[in-house]
Amino acid sequence: MKRLLVTILIVVAVLVAALGLAIALGGPGKAPPPMSSINDPFKNVDFSDLPEATYVTARDGTKLAFRAYPAAGGAVKGSVVLLHGSSASSSSMHLMAKGFAAAGYAAYTLDIRGHGKSGTKGHIAYIGQLEDDLEDFVHSTKLAQPSTLAGFSSGGGFVLRFAGSPRQELFSNYLLLSPWISQDAATLRPGSGGWATVGVPRIIAIAVLNGFGMHAFDDLPVVRFAVDERDKGLLTPQYSFALAQNFRPERDYQANIRAIRQTLRVLVGQNDDVSYADRFAAVFKTAGKDVPVTVVPGIDHISLTLDPVAVQAAIAAVESMDHEKPNQTTQPTAGRRTNKLSVTPTFPPAAMRALASGG
């Protein structure tokens, strides 16, 4: 019995030491070099008409920033809440929000907690806080119906998380714009195409401790992004474990997909340099849902939120969902639908020029 006890103590000591080393030394390391394909396109966007940030108060008292874009014209078609991608902020969705507003939707862009002007950059208090924040925003804002939650890249992953959660009925529709789904999903290019470095040993060690109810290390950094040094004041260069785990789908993303009951669409650029555009439909089908996926020709990852043709494709996706019953596009079927998009812009020429220039 004494020998068994000693053996157990040795094994426990080794495991504790291994976890300690993984936490101390298994972080994300140096950030990758800046990616011109992600950083440069925003240099050509005119932000002179960017709405001022306004705030809602979350349940913990934190002020959360968002920007509102009133619908143009007379009758409001509905509302669209837009969530940015990793490291970014509400301003990155400016052109898309303008496009939805011009099309008759009340649009909102949010600074997700840990980004922009919402909370401390790179940090949240606990996994699940982002869902609480979004619920607080919805309850504080009178959203025109039908309402759509749309998210780009990591924001699209979080939208998928929310769409498969018990709170999914807070929105009528969900739109995923080149969503980050999982490190295990077939859609992901290695290293997200060079955008991030990840401290895998630290993530595993902290996740193990979380399994025992220990959250003392949830605030340590586990991801660093390819952010230009001069942009670190505007962008979020790294994520804590808690933020990285929350701003994405659940670990069992397939269960997340299966739980979706609301109408959902996926939009991705044919030339996406972070994800494999041709694999999204299969990922959803494997999880048991036949979700329509629209591939926009000639569009890469970032231009999905900036190019006028991509903006029009997003508007068309929301308009199609507004005319469907929930569950129509997320039921298991025998077929798989991937649409190559040929967009005929419906904006008047002046509006198209404004979107292209950001003015």
Side-chain angles (χ1 to χ4, degrees), residues 38-56 63-112 115-118 121 137 140-144 147-153 155-156 175 177 227-228 230-236 267 269 296 299-319 343 345-359:
I38 288 183
N39 293 299
D40 291 352
F42 290 99
K43 296 174 183 176
N44 299 318
V45 176
D46 180 3
F47 290 107
S48 62
D49 58 348
L50 183 72
E52 289 292 326
T54 52
Y55 297 86
V56 296
K63 299 290 186 182
L64 303 176
F66 71 96
R67 303 178 195 274
Y69 297 74
V76 178
K77 292 182 180 179
S79 61
V80 179
V81 177
L82 296 161
L83 306 186
H84 57 76
S86 57
S87 179
S89 67
S90 57
S91 61
S92 68
M93 304 301 287
H94 178 53
L95 292 190
M96 185 161 280
K98 285 176 62 178
F100 274 106
Y105 289 89
Y108 304 86
T109 62
L110 276 56
D111 280 356
I112 296 294
H115 304 76
K117 299 180 179 181
S118 294
K121 280 188 179 180
F137 171 80
S140 301
T141 309
K142 189 174 176 61
L143 296 178
S147 61
T148 298
L149 180 64
F152 170 63
S153 198
L175 177 62
L177 304 165
V227 173
D228 195 303
R230 65 190 174 190
D231 294 327
K232 286 186 177 179
L234 176 65
L235 302 177
T236 301
L267 195 69
V296 189
I299 297 297
D300 62 19
H301 192 68
I302 288 298
S303 63
L304 191 66
T305 65
L306 301 178
D307 189 279
V309 172
V311 171
Q312 175 60 25
I315 294 167
V318 170
E319 289 177 339
V343 177
T346 57
F347 291 145
M352 288 295 291
R353 287 195 299 273
L355 277 173
S357 66

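Side chains included, hydrogens not; waters and symmetry mates left out as well; all remaining heavy atoms used.
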Is any side-chain heavy atom of [Y] closer than 4.5 Å to one of [X]?
X    : Y   : result
L50  : Y69 : yes
F42  : L95 : no
I315 : K77 : no

Do the rings of Y105 and F100 sit parallel, tilted or perpendicular, given the 30° and 60° boundaries?
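Rings of Y105 and F100: perpendicular, over 60°.
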
Could you tell me which residues satisfy ring pair (Phe, Tyr, Trp, His ring centres under 6.0 Å) with F137, sequence neighbours excluded, listed by chain and number?
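Ring pair (Phe, Tyr, Trp, His ring centres under 6.0 Å) check on F137 returns F66, Y108.
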
Given 3.5 Å as the limit, does a donor-acceptor pair link the side chain of [X] with the main chain of [Y], or not?
X    : Y    : value
D111 : K117 : yes
D300 : S303 : yes
S118 : L64  : no
S87  : T236 : yes
H84  : G155 : no

Any pair with a residue in residues 307-316 that passes salt bridge (charged side-chain N to carboxylate O under 4.0 Å, His left out), sequence neighbours left out, goes on the list, sorted by first then second residue, please.
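For residues 307-316: none.
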
H94 and D49: side chain donor to acceptor below 3.5 Å:
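Yes, D49 and H94 have a side-chain donor paired with an acceptor closer than 3.5 Å.
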
